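A quick note: this is a predicted structure, and the numbers were derived from the prediction, not measured. Below, all heavy atoms of this structure are taken into account, side chains as well, without hydrogens, waters or symmetry copies. As the structure lists them, so they are numbered: ligands from 1, and atoms in each ligand from 1.
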Amino acid sequence: MDRDALEETLDALMFKHKGLYFEAIHSSPKLVDAVEHMEIRDSDVFILTYPKSGTVWTQQIVSLIFNEGHRNGTEHVKNIVRAPWIEYDFNNADFKSRPSPRLFSSHLPYYLMPKDMRFRMGKIIYVYRNPKDVLVSFYHFYNLIPNLKSVMNWKIFMERFISGKVFGGSWFDHVRGWYTLKEDFNMLFVTYEEMKKDLRSAVLKICKFVGINLDEKAIDIVVEKATFKNMKHDPIANYRFLPSDLVDHSKGDFVRKGIVGDWKNMMTVAQSEMFDKVYKEKMGDLPINFVWDLNEEDAS
Ligand code: A3P
């Protein structure tokens with residue numbers, strides 16, 4: 001497949017609305033617009049991420065903290081039910097009838113969020129990850145889309161990522177937007193890399209933010225159930241319930257490699273330098289420091 005045909009195939013998977021690209025099967029401009037008017041309760045907790053930054057991992061952690069600690073037989077509840085998406089409709093969730101505290105997930109930028117949240121209503125856990133690993137993870141994710149693997153092209157995908165022509169739009173705009181507006185929202189910032197480095201501390205940080213006190217044993221259970229090793233084989237974390245015309249499960253897992261620094265296995269030195277230049281131009285003025293490598297051999 002030549003470049004034009006591939007770009008056309010990738011474009012057909014999305015629609016553009018209010019400056020952003022959305023996956024076309026589960027969302028629509030109407031659905032995105034409705035989010036703005038969503039009624040917010042102060043106890044609502046939103047897991048907010050740019051795609052491939054650790055969303056499912058955080059869904060796992062937060063739902064363990066809230067519902068279970070030990071799960072009480074809810075281990076088979078899908079993550080899209082535990083913490084449904086607000087801009088994607090997977091299962092017709094009725095948000096209003098959900099008991100508090102409600103958990104939600106979103107990849108939206110700040111300007112498309114429910115407007116009440118601008119008055120610091122609800123709580124947002126914003127998880128972000130170094131963009132080179134996000135790019136690599138995203139590339140592998142696109143390869144799970146049926147019929148795309150044979151035609152996917154790393155170089156073209158990288159260009160599209162940098163210009164924001166992927167689900168969720170531009171990583172740079174997403175992180176910059178949320179970071180710059182952080183005082184307007186009630187937010188906790190957590191990096192994927194800090195979760196990798198010290199999961200227990202990250203869990204404690206999240207517990208403190210959402211105001212839940214778990215004893216040592218319950219924390220141990222949350223940490224244990226959220227390790228890469230345990231999640232790698234969890235059918236729910238891997239979205240195995242999605243039909244095969246949406247995700248080709250034979251091509252790989254959502255919970256894929258789970259390391260910091262995988263970009264080194266994909267990017268050439270020239271590509272990495274080019275990316276650094278773009279990063280500096282777009283993000284250089286922000287006081288954000290990413291960890292680009294933890295010198296890991298294996299995910300634990
Ligand atoms: P990789 O593709 O680099 O392995 P999201 O849920 O936002 O789509 O993010 C997916 C990324 O989070 C994948 O990264 C996936 O492997 C990683 N991930 C999921 N669960 C994890 C865990 N328990 N520990 C570390 N990484 C995890």
Side-chain angles (χ1 to χ4, degrees), residues 23 26 46-65 78-80 82-85 87-88 90 103-108 125-145 149 152 154 157-158 161 166-169 171 174-175 178 190-203 206 221-242 246-247 249 251-267 290-294 296-300:
E23 185 264 292
H26 294 99
F46 288 76
I47 296 155
L48 239 148
T49 55
Y50 181 84
K52 313 321 291 173
S53 303
T55 323
V56 174
W57 193 7
T58 314
Q59 286 171 338
Q60 174 88 340
I61 293 169
V62 175
S63 65
L64 280 162
I65 290 174
K78 293 171 190 159
N79 38 6
I80 52 169
R82 288 177 189 153
W85 294 88
E87 73 273 27
Y88 289 104
F90 283 96
L103 307 181
F104 295 109
S105 305
S106 179
H107 289 319
L108 286 176
I125 300 168
Y126 187 80
V127 179
Y128 58 126
R129 180 183 193 185
N130 91 58
K132 289 181 180 175
D133 282 340
V134 170
L135 160 62
V136 170
S137 181
F138 223 165
Y139 171 73
H140 289 290
F141 169 83
Y142 265 78
N143 280 333
L144 299 182
I145 298 170
K149 187 166 184 145
M152 205 38 163
W154 163 244
F157 189 78
M158 185 159 72
F161 179 85
V166 289
F167 303 146
W171 177 92
H174 202 278
V175 175
W178 276 110
V190 186
T191 64
Y192 178 96
E193 292 78 17
E194 73 177 278
M195 283 160 65
K196 272 304 289 184
K197 214 170 164 181
D198 184 352
L199 184 53
R200 193 183 175 84
S201 295
V203 169
I206 292 171
I221 294 169
V222 175
V223 172
E224 176 60 20
K225 288 192 172 167
T227 57
F228 181 82
K229 203 166 65 220
N230 280 341
M231 288 185 62
K232 176 79 182 160
H233 304 291
D234 179 349
I236 289 175
N238 281 292
Y239 280 95
R240 290 265 161 69
F241 50 86
L242 291 182
L246 285 181
V247 177
H249 299 286
K251 289 178 178 172
D253 294 321
F254 272 72
V255 182
R256 189 184 63 90
K257 205 164 179 184
I259 63 168
V260 178
D262 196 30
W263 59 272
K264 291 184 179 164
N265 299 316
M266 268 323 267
M267 287 178 142
F290 280 104
V291 174
W292 302 94
D293 188 10
L294 284 184
E296 291 166 323
E297 294 289 300
D298 294 302
S300 56

Checklist entry - Counting only heavy atoms, which portion of Thr227 has something under 4.0 Å from ligand 1: side chain, backbone, both, or neither? => result backbone
Checklist entry - Is the closest N or O pair between Arg256 and ligand 1 shorter than 3.5 Å? => result yes
Item to check | Any N/O pair Asp133/ligand 1 closer than 3.5 Å | outcome: no
Checklist entry - If you count the atoms of ligand 1 from 1 in the order shown, which ones are under 4.0 Å from a heavy atom of Met231? => result 20 (N), 23 (N)
Checklist entry - Side chain, backbone, both or neither: which part of Tyr192 comes within less than 4.0 Å of ligand 1 when only heavy atoms are counted? => result side chain
Next on the checklist: Could you check whether any heavy atom of Lys52 sits closer than 4.0 Å to an atom of ligand 1, since that is the contact criterion I want to use?
Outcome noted: yes
Next on the checklist: Checking the N or O distance criterion of under 3.5 Å, is ligand 1 in contact with Val255?
Outcome noted: no
Item to check | Taking every non-hydrogen atom, the tightest pair across His140 and Met266 | outcome: NE2-SD, 4.4 Å
Next on the checklist: Does ligand 1 come near enough to Pro51 that some N or O of the ligand is less than 3.5 Å from an N or O of the residue?
Outcome noted: no
Checklist entry - Based purely on interatomic distance, does Gly54 place a nitrogen or oxygen under 3.5 Å from a nitrogen or oxygen of ligand 1? => result yes
Checklist entry - What residues, two or more places apart in sequence or in another chain, satisfy side chain to side chain donor-acceptor pair (under 3.5 Å) together with Ser53? => result none
Checklist entry - If we only count N/O pairs under 3.5 Å, is Val56 in contact with ligand 1? => result yes
Next on the checklist: Judged on heavy-atom distance to atom 1 (P) of ligand 1, which of Ser137, Ser105, Gly168, Gly261 sits nearest?
Outcome noted: Ser137
Checklist entry - When the aromatic ring centroids of Tyr50 and Trp178 are compared, is their separation below 6.0 Å? => result no
Next on the checklist: For His174 and Tyr126, I'd like to know if the aromatic rings sit close, meaning centre-to-centre distance below 6.0 Å.
Outcome noted: yes
Checklist entry - Backbone, side chain, both or neither: what part of Ser53 comes under 4.0 angstrom of ligand 1, heavy atoms only? => result backbone
Item to check | Contact check, Asp262 vs ligand 1, heavy-atom distance below 4.0 Å | outcome: no
Item to check | Within reach of ligand 1, part of Ala237 (heavy-atom separation under 4.0 Å) | outcome: neither
Item to check | Whether Phe290 and Trp171 hold their rings parallel, tilted or perpendicular, with breakpoints at 30° and 60° | outcome: tilted
Next on the checklist: Quick one, Val62 and Arg82 - any side-chain contact, counting heavy atoms below 4.5 Å?
Outcome noted: no
Checklist entry - Phe161 and Tyr139: aromatic ring centres closer than 6.0 Å? => result no
Item to check | With sequence neighbours excluded, residues passing salt bridge (Lys or Arg N to Asp or Glu O under 4.0 Å) with Arg200 | outcome: Glu216, Asp220
Next on the checklist: Counting C-beta onward and ignoring hydrogens, is there a side-chain heavy-atom pair between Val134 and Tyr128 closer than 4.5 Å?
Outcome noted: no
Checklist entry - For Phe254, is the nearest heavy atom under 4.0 Å from an atom of ligand 1? => result yes
Item to check | N or O contact, Tyr50 vs ligand 1, cut-off under 3.5 Å | outcome: no
Item to check | Flag side-chain contact, heavy atom, 4.5 Å: Trp85 against Ile47 | outcome: no
Checklist entry - Backbone, side chain, both or neither: what part of Lys257 comes under 4.0 angstrom of ligand 1, heavy atoms only? => result both
Item to check | Per-residue contact class, Arg129 against ligand 1 - non-hydrogen pairs under 4.0 Å | outcome: side chain
Item to check | Electrostatic pair Lys132:Asp262 at N-O distance under 4.0 angstrom | outcome: no
